[in-house]
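First up is the structure itself, then whatever we jot down about it.
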Amino acid sequence: MFLGELADTLVVETLVTGDVELAAEIVRSGGVVAFPTETVYGLGANAFDGEAVKKIFAAKGRPADNPLIVHVSDEGQINEIVAELNAHARMFIETFFPGPLTIVAKSTGRVSEIATCGLETIAFRMPSNPLAQELIKGAGTPLVAPSANLSGRPSPTTWEAVLEDLGGRIDCILKGAPTEIGLESTVVDCTGDIPILLRAGAVSLEELRDVVAETVVLNIGDSVEIRSPGLRHKHYSPRARVVIIENDAAIEDFSDAAYIGIDLPVGVFGLLKIASTTEDYAHAMFEFFRECDRAGISVIYCQSVSEQGIGTAIMDRLRRASDLATN
Ligand code: TXA
Ligand code: MG
C-alpha cells in the first residue's frame, strides 16, 4: 500500500474549483472528481462508466475487491440501480435520506461491475450536502464514490486533505467547506429479513432501532468477507502510531506525541486536541491525524469514548487505525 506501490504513470493535472457545473462536465466526460459530502470528501465517477470507475481504484491504490457506494440525488436514480427494496429499506430511506446512511440492497446489475466487484448487491446513499447534490444532478447520473484519500489513509474532511493525497492523480477537486460530520456514513445491509449494521457511522444503532427494532450488528467472523468486503482492510491510519487510552491512563511526557480526547490529559504533548463533545471529536479526528503526520508526531494517544451514538463509530475507526488492527 501507499505511494511506493501506486502506478507512477498517473500524473494528471488536478483542477481545484468551486464551479460545480465545470465539475459535473468533467464527470460527464469520464473524469474523476473529488467532492464534499456531509460525512467526508468522496472521489466520484459516473457509476455506469467502467473506464471512469477504474480511474478511482487507480488513483486511490484501492484493492479491487472493495466495492464502492453509489451516490444518488433522487428516487428515480435509486430505481435505476436497485432491483428490490424491502419494507425495512423503505423505512430507513424515508427516515434518513438525504443523510449519512448507506443501504445495501439487491442490484439491477446496471452499475459497473468494477464498482460492485461483481456482487449482486449494491450499496447506495443520498448525500445531504448541497454541493454533492448539485454535482450529481449536473452530471445527470449516479456517482460511485469512495472516500477521497489514498487507500488506508484517514478519510479527508477538507479539500486540502484531498489535494495532499490525490493531487496529480485525479482530474478535479470540487472545493467546499470542511465536512460537517467528519466520519463516514453508517452502512446497513437490508437484503435479508433483518437489517444488519455493517459499518457504524453518524446514524447510530439506536436511531436505526428506533425505525426497525430488530436491527442487529454484524458479528465479526460471521461471513464478513461476503457481507462487507471493506471491513477486511486496514483503514484510516496516520503514519503515526495510534494508541487508544482510557481517561485515567498515565502517559509520560513526549514531545513527539499527541493527544486527542474530551478530558484534559496529564502531561505535555506536541499537539493537543480537546473536543467539547463526541460529535466534535468525530468531526476533528481525521484532520487531527493528518496534522500529526505533517508535524512528524510519532504516537497519537486517543481517549476512548463510550460506545453510544457516534461514539461507536469513533471507537470503530480508532480500533482500525490502531495497533489493535490485524490487517
Ligand atoms: O460517508 C461515506 O460513506 C463516504 C462518502 C464519500 O460517501 N464513502 C465511503 O466509501 O466511506 P468507502 O469506499 O470508503 O466505503 C464503502 C464501504 C466499504 O466498507 C465497502 O465494503 C462497503 O461500503 N460496501 C460497498 N458495497 C457493498 C455491498 N454491496 N455490500 C456490503 N458492503 C458494501
Ligand atoms: Mg474509505
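Counting starts at 1 for both ligands and their atoms, in listed order. Just so you know, these numbers use all the heavy atoms, side chains as well, and skip hydrogens, waters and symmetry mates.
Comparing Ser185, Pro63, Pro146 against atom 2 (C) of ligand 1, the shortest heavy-atom distance belongs to Ser185.
The residues Asp165 and Lys60 are annotated as not salt-bridged, no charged nitrogen and carboxylate oxygen being separated by less than 4.0 angstrom.
Atoms of ligand 1 lying under 4.0 Å from at least one heavy atom of Leu119, given by number and element, are 28 (C), 29 (N). If you number the atoms of ligand 1 from 1 as listed, the ones under 4.0 Å from a heavy atom of Asn66 come out as 18 (C), 20 (C), 21 (O). Shown in contact with His71 at under 4.0 Å from a heavy atom are these atoms of ligand 1, numbered in order with element: 5 (C), 6 (C), 7 (O). Atoms of ligand 1 lying under 4.0 Å from any heavy atom of Val104, numbered from 1 in the order shown and given with element: 30 (N), 31 (C). Below 4.0 Å from some heavy atom of Thr121 lie the following atoms of ligand 1, by number and element: 28 (C), 29 (N), 30 (N). Residue Ala123 approaches ligand 1 through these ligand atoms, each under 4.0 Å from one of its heavy atoms: 25 (C), 26 (N), 27 (C). The Arg125 neighbourhood of ligand 1 comprises atoms 1 (O), 2 (C), 3 (O), 5 (C), 7 (O), with distances under 4.0 Å to a heavy atom of that residue. Residue Gly42 approaches ligand 1 through these ligand atoms, each under 4.0 Å from one of its heavy atoms: 6 (C).
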Gln308 and Glu206: side chain to side chain contact (heavy atoms under 4.5 Å, CB included), yes or no, with the steps? CA-CA 8 Å; Gln308 290 161 14; Glu206 298 90 320; 3.8 Å; yes

Kindly determine whether Leu208 and Phe96 satisfy side chain to side chain contact (heavy atoms under 4.5 Å, CB included), including the steps that lead there. CA-CA 9 Å; Leu208 292 176; Phe96 299 110; 4.0 Å; yes

Any chance you could lay out the salt bridge (charged side-chain N to carboxylate O under 4.0 Å, His left out) test for Arg317 and Glu184, step after step, and finish with the verdict? CA-CA 10 Å; Arg317 305 305 188 273; Glu184 302 80 359; 2.7 Å; yes

Report the C-alpha distance between Arg28 and Glu25 in whole Å, list the side-chain angles of each, state the deciding distance to 0.1 Å, and finish with yes or no for salt bridge (charged side-chain N to carboxylate O under 4.0 Å, His left out). CA-CA 5 Å; Arg28 284 199 298 270; Glu25 170 55 34; 2.8 Å; yes

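Considering backbone and side-chain N/O atoms, Thr39 comes within less than 3.5 Å of an N/O atom of ligand 1. For Glu184, no nitrogen or oxygen atom sits less than 3.5 Å from a nitrogen or oxygen atom of ligand 1, counting backbone and side chain alike.
Seen from the ring of Phe48, Arg110 counts as a face-on cation partner, given the 6.0 Å and 45° thresholds.
The proximity of Asp189 to ligand 1, defined as any non-hydrogen pair under 4.0 Å, does not occur for either the backbone or the side chain. Contacts of Arg62 with ligand 1, taken as heavy-atom pairs under 4.0 Å, involve the side chain alone.
Taking backbone and side chain together, Ser155 holds no N, O or S atom under 2.8 Å from the Mg ion (ligand 2).
Counting heavy atoms of neighbouring residues, nucleotides and ligands inside a 6.0 Å radius, atom CD of Glu214 exceeds 12 of them.
For the atom pair His88 NE2 and Thr191 OG1, the distance stands at 12.0 Å (nearest 0.5 Å).
Note on ring orientation: taking the six-membered ring where Trp is involved, the planes of Tyr259 and Phe269 are tilted (angle from 30° to 60°).
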